[in-house]
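Model, not experiment: these values are computed from the prediction.
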Amino acid sequence: MIVGVIGSGIMGSGIAQSFASNNFKVLLHDISNDMLSKALDTINKSLNRMINKEIITKDEADFSLSNITTSTSTDMMTNCDLIIEAATENIDIKKKIFKNLDNLSKPNCILASNTSSISINELADSTNRPSMVIGMHFMNPVPIMKLIEIIKTTRTSEETLRTVVDTAIKLGKKPVECIDSPGFISNRILMPMINEAIYSLMEGVATKEAIDQIMMLGMSHPMGPLTLADLIGLDVCLSILNVLKEGFSNNPKYEPCPLLIDMCKEGKLGRKTGEGFYKY
């Protein structure tokens with residue numbers, strides 16, 4: 001199976017690494033060679049950490065890298081069996097990508113999206129193959145996290161679903177299915193919790209450290225909600241909350257906290273900018 005990945009950011013590079021490490025040929029695309037170089041550097045660092053922890057050998061890391069081909073042109077995707085879109089969380093951009101992929105890919109190629117909240121049905125509407133469109137929501141960091149949230153639409157065929165589930169298992173992942181609904185399951189539950197943590201901070205209920213420690217020590221979360229928000233990206237959190245709010249008819253429980261909005265305006269987006277609720 002030849003797998004295409006559109007978008008070489010944190011998620012896209014992680015997806016590419018996971019496939020390449022499991023003997024899949026991967027075509028990684030982004031709009032600039034600089035972005036692709038950064039992605040390969042990220043993948044190389046990730047593989048080196050695994051070597052140092054004796055999870056893999058140097059030969060296995062080299063093999064993984066040899067399975068990845070990069071390009072700024074989507075024309076190389078014509079022979080792919082599966083293409084996963086991992087672009088920015090913007091529905092117009094994603095629709096444009098899906099329309100383009102539908103036109104250039106072979107008829108039996110499955111088109112998947114790694115979106116964390118945007119409707120898979122809407123993306124399928126941009127194609128002439130809605131039965132072959134599905135959601136594959138990987139978790140960050142992709143090489144480590146086992147879950148892939150599989151989102152099927154009302155039109156996703158059983159063959160498409162079976163192929164994607166089988167592929168996820170070959171990656172050593174645990175595919176778990178849900179239907180297409182705003183935020184799916186993961187973010188429909190997670191984002192209101194993160195938002196409430198931000199409200200608690202804004203209202204002075206506790207310090208950021210205390211909020212995170214209470215959720216870690218009391219609820220056995222591996223990291224606190226504010227640390228997790230920084231890892232995800234505050235702009236991504238805001239985008240998902242807005243999708244949830246709109247998708248559920250402006251239900252006020254999904255109203256983004258004003259502090260979150262202000263931090264995004266100030267460019268304090270978390271780890272990727274060096275500062276969010278914490279400094280990095």
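Thr163 and Thr160 share no donor-acceptor pair across their side chains, judged by distance under 3.5 Å alone. In this structure, a donor-acceptor pair under 3.5 Å is absent between the side chains of Ser239 and Glu89. A side-chain donor-acceptor contact under 3.5 Å links Ser119 and Asp180. For the residue pair Asn121 / Arg155, a side-chain donor-acceptor distance below 3.5 Å is found, with atom types taken as modelled. Of the N and O atoms on the side chains of Asp212 and Thr227, at least one donor lies less than 3.5 Å from an acceptor on the other residue. The closest side-chain donor-acceptor pair between Lys25 and Asn67 falls under 3.5 angstrom.
Proximity of Asp235 to Lys272: side-chain heavy atoms (C-beta onward) are separated by under 4.5 Å at one or more points. You'll find the side chain of Asn242 reaches within 4.5 Å of the side chain of Leu238, heavy atoms only. Within the 4.5 Å cutoff, side-chain heavy atoms of Leu226 are placed close to those of Ile198. A 4.5 Å side-chain heavy-atom check between Ser105 and Ile83 finds at least one atom pair inside the cut-off. Contact annotation: the side chain of Lys96 never approaches that of Asn100 to less than 4.5 Å [non-hydrogen atoms, C-beta and beyond]. Contact check for Met193 versus Met215: side-chain heavy atoms found under the 4.5 Å cut-off. Considering only heavy atoms from C-beta on, Cys109 comes within 4.5 Å of Leu111 through its side chain.
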field: Phe98/Arg129 under side chain to side chain contact (heavy atoms under 4.5 Å, CB included): CA gap, chis, key distance, verdict
entry: CA-CA 10 Å; Phe98 268 77; Arg129 63 181 84 191; over 6 Å; no
- request: Would you please test Lys38 and Asp34 for salt bridge (charged side-chain N to carboxylate O under 4.0 Å, His left out) and show each step?
  value: CA-CA 6 Å; Lys38 289 179 180 177; Asp34 182 55; 3.5 Å; yes
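Put simply, the side chain of His137 never gets that close to the backbone of Asn114: no donor and acceptor are under 3.5 Å apart. Asp30 contributes a side-chain N or O that, together with a main-chain N or O of Ser8, makes up a donor-acceptor pair within less than 3.5 Å. Not a single donor-acceptor pair under 3.5 Å links the side chain of Ser21 to the backbone N or O of Ser18. Using a distance-only test at 3.5 Å, with no hydrogens or angles considered, a donor-acceptor pair links the side chain of Lys173 to the main chain of Met145. At least one donor-acceptor pair closer than 3.5 Å links the side chain of Glu149 to the backbone N or O of Ser186. Listed for the Lys95 side chain is no donor-acceptor partner under 3.5 Å among the backbone atoms of Asp125. Formation of a donor-acceptor pair under 3.5 Å by the Asn52 side chain with backbone atoms of Asn48 is found in this model. Between the side chain of Ser131 and the main chain of Thr156, no donor-acceptor pair closer than 3.5 Å is present. Of the possible polar contacts, one joining the Lys94 side chain to the Ala87 backbone as a donor-acceptor pair under 3.5 Å is found. Side chain of Asp230 to main chain of Phe277: a donor-acceptor pair is present (N/O by atom type, distance under 3.5 Å, no hydrogens or angles).
Transitive grouping of hydrophobic side chains (ILVMFWY, heavy atoms separated by less than 4.5 Å) brings Ile6 and Ile151 into a common cluster. Taken together through direct or relayed side-chain contacts under 4.5 Å among Ile, Leu, Val, Met, Phe, Trp and Tyr, Ile43 and Ile15 form part of one hydrophobic cluster. Put simply, Tyr254 and Met202 are part of the same group of oily side chains (I, L, V, M, F, W, Y) that touch within less than 4.5 Å, one to the next. In terms of hydrophobic clustering, with Ile, Leu, Val, Met, Phe, Trp and Tyr side chains grouped at heavy-atom distances under 4.5 Å, Leu171 and Leu161 are assigned to a common cluster.
No more than 12 heavy atoms of other residues, nucleotides or ligands sit less than 6.0 Å from atom NZ of Lys99. Around atom CD of Glu60, more than 12 heavy atoms belonging to other residues, nucleotides or ligands sit under 6.0 Å away. Under a cut-off of 6.0 angstrom, the local environment of CD1 in Ile150 is crowded, with over 12 non-hydrogen atoms contributed by other residues, nucleotides or ligands. No more than 12 heavy atoms of other residues, nucleotides or ligands lie within 6.0 Å of CD in Glu246, so this atom counts as exposed by the packing criterion. For NZ of Lys106, the number of neighbouring non-hydrogen atoms (other residues, nucleotides, ligands) closer than 6.0 Å is greater than 12. Other residues, nucleotides and ligands contribute at most 12 non-hydrogen atoms within 6.0 Å of the CD1 atom of Ile179.
Atom CZ of Phe184 sits about 9.5 Å away from atom CG of Leu244, to the nearest 0.5 Å. With rounding to the nearest 0.5 angstrom, the OG1 atom of Thr153 is 8.0 Å from the CD1 atom of Ile134. Between Ser71 atom OG and Leu28 atom CG the span is 9.5 Å, to the nearest 0.5 Å. To the nearest 0.5 Å, atom CD1 of residue Ile185 and atom CD of residue Glu177 are 12.5 Å apart. Interatomic distance, CG of Asn23 versus CE of Met1, reported as 12.5 Å (0.5 Å rounding). In this structure, NZ on Lys253 lies 12.0 Å from CG on Leu241, to the nearest 0.5 angstrom.
Of the candidates Leu190, Ile10, Asn140, Leu190 is the only one forming a side-chain contact (heavy atoms from CB on, under 4.5 Å) with Ile232.
Note on Asp166 versus Arg162: no salt bridge recorded, every NZ/NE/NH1/NH2 to OD/OE distance being 4.0 Å or above.
Phe24 and Phe19 have perpendicular rings, their planes meeting at more than 60° on a 0 to 90° scale where under 30° would count as parallel.
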